[in-house]
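Working notes, structure below.
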Amino acid sequence: NVVDYLPFDPSTVEYAYANVAMPDDYDGGKITAKFYWTHPTTTTNFGVRWALQAVAVGNDDSLDVAQGTAQGVVDTGGTTHDLYISNATAAITPGGTPAGGNLLQLRCYRQAVNAADTLAVDAYLIGVMITYGVK
């Protein structure tokens, strides 16, 4: 099987961005994220701390707006090239004006400088599941 991923360095904070057009029934509230990831061969120290922040942009809003506060979660790997799925983050409040139909800009990263992040090799991010409330 071919699995696309983004490699995140063990010692440098690197970012990945995605834009999601939210459905009209999005309630404009908080979101959570679960991270789907794997890692190459390593013998010890399997902890990875992932984080996500977001900003909502509506019609005729400036695209130059600040992200909301990030929330992170620690997950533990172990077996090379197994799929790991983190728990959900705490509630994330998007910056801007979240509402149904708006664009949600997501910024995901590995908090490599966090003491809980101990994985000595790249962490491979495969995907992120976003959950949100509906009207």
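Only this structure's heavy atoms are used, side chains among them; waters, hydrogens and symmetry mates stay out.
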Side-chain heavy-atom pair Y36, L83 within 4.5 angstrom cut-off: yes

Compare all side-chain heavy atoms of V113 with those of Q111 and state whether any distance is below 4.5 angstrom.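 No - every pair of side-chain heavy atoms lies 4.5 Å or more apart.
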
How long is the gap from CD on E14 to CG on D122, to the nearest 0.5 Å?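 Output value for this atom pair is 7.0 Å.
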
Could you state the interatomic distance from CD1 (I92) to CG (L104), rounded to the nearest 0.5 Å? 9.5 Å

Name the atoms and distances for all side-chain donor-acceptor pairs under 3.5 Å in residues 1-9, with sequence neighbours left out.
| from | atom 1 | to | atom 2 | distance (Å) |
| --- | --- | --- | --- | --- |
| D9 | OD2 | S11 | N | 2.9 |
| D9 | OD2 | S11 | OG | 2.9 |
| D9 | OD2 | T12 | N | 3.1 |
| D9 | OD2 | T12 | OG1 | 3.4 |

Just by modelled atom types, is the [Y] backbone N or O under 3.5 Å from a matching donor or acceptor in the [X] side chain?
{"X": "S86", "Y": "F35", "answer": "yes"}
{"X": "Q53", "Y": "R107", "answer": "no"}
{"X": "H39", "Y": "G78", "answer": "yes"}

K34 and I85: which non-hydrogen atoms are nearest, and at how many Å?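 Nearest pair, atom of K34 first, then I85: CD-CG2, 4.4 Å.
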
Shortest non-hydrogen separation from A120 to T42 and the atoms involved: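 Of all heavy-atom pairs spanning A120 and T42, the closest is CB-OG1, 4.3 Å.
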
For [X], give me all partners under side chain to side chain contact (heavy atoms under 4.5 Å, CB included), at least two apart in sequence or on another chain.
{"X": "V57", "answer": "D61, L63, V65, Q105"}
{"X": "T80", "answer": "T41"}
{"X": "A116", "answer": "V74, N114"}

Would V73 and N87 count as a side chain to side chain contact (heavy atoms under 4.5 Å, CB included) if you check the C-alpha gap in whole Å, the side-chain angles of each, and the deciding distance to 0.1 Å? CA-CA 7 Å; V73 63; N87 290 325; 4.3 Å; yes

Criterion side-chain contact (heavy atoms from CB on, under 4.5 Å) against F46, the qualifying member of T79, L119, T118: L119

Residue list, salt bridge (charged side-chain N to carboxylate O under 4.0 Å, His left out) with D117, at least two apart or on another chain: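 Salt bridge (charged side-chain N to carboxylate O under 4.0 Å, His left out) list for D117, sorted by chain: R110.
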
Scan the side chains in residues 93-103 for donor-acceptor partners under 3.5 Å anywhere in the protein, sequence neighbours excluded, and list what turns up.
| from | atom 1 | to | atom 2 | distance (Å) |
| --- | --- | --- | --- | --- |
| N102 | ND2 | T97 | O | 2.8 |

Suppose the criterion is ring pair (Phe, Tyr, Trp, His ring centres under 6.0 Å): which pairs have a residue in residues 95-114, not counting sequence neighbours? Y15-Y109

If you look only at pairs with a residue in residues 57-76, which of them pass as a ring pair (Phe, Tyr, Trp, His ring centres under 6.0 Å), with sequence neighbours excluded?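 Residue pairs passing ring pair (Phe, Tyr, Trp, His ring centres under 6.0 Å), neighbours aside: none found.
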
Less than 3.5 Å apart, which donor and acceptor atoms pair up between the side chains of residues 123-135 and the rest of the protein, not counting sequence neighbours?
| from | atom 1 | to | atom 2 | distance (Å) |
| --- | --- | --- | --- | --- |
| T131 | OG1 | T32 | OG1 | 2.2 |

Can I31 and L52 be said to form a side chain to side chain contact (heavy atoms under 4.5 Å, CB included), step by step? CA-CA 10 Å; I31 63 174; L52 186 110; 4.1 Å; yes

Those residues at least two apart in sequence (or on a different chain) that pass side chain to side chain donor-acceptor pair (under 3.5 Å) with D75 are W37

Salt bridge (charged side-chain N to carboxylate O under 4.0 Å, His left out): which pairs involve residues 87-105, sequence neighbours left out? none

Within a reach of under 6.0 Å around CG of N19, are more than 12 heavy atoms found that belong to other residues, nucleotides or ligands? yes

Decide whether V55 and Y26 are clustered together by the hydrophobic rule: side chain heavy atoms of Ile, Leu, Val, Met, Phe, Trp, Tyr closer than 4.5 Å, transitively. no

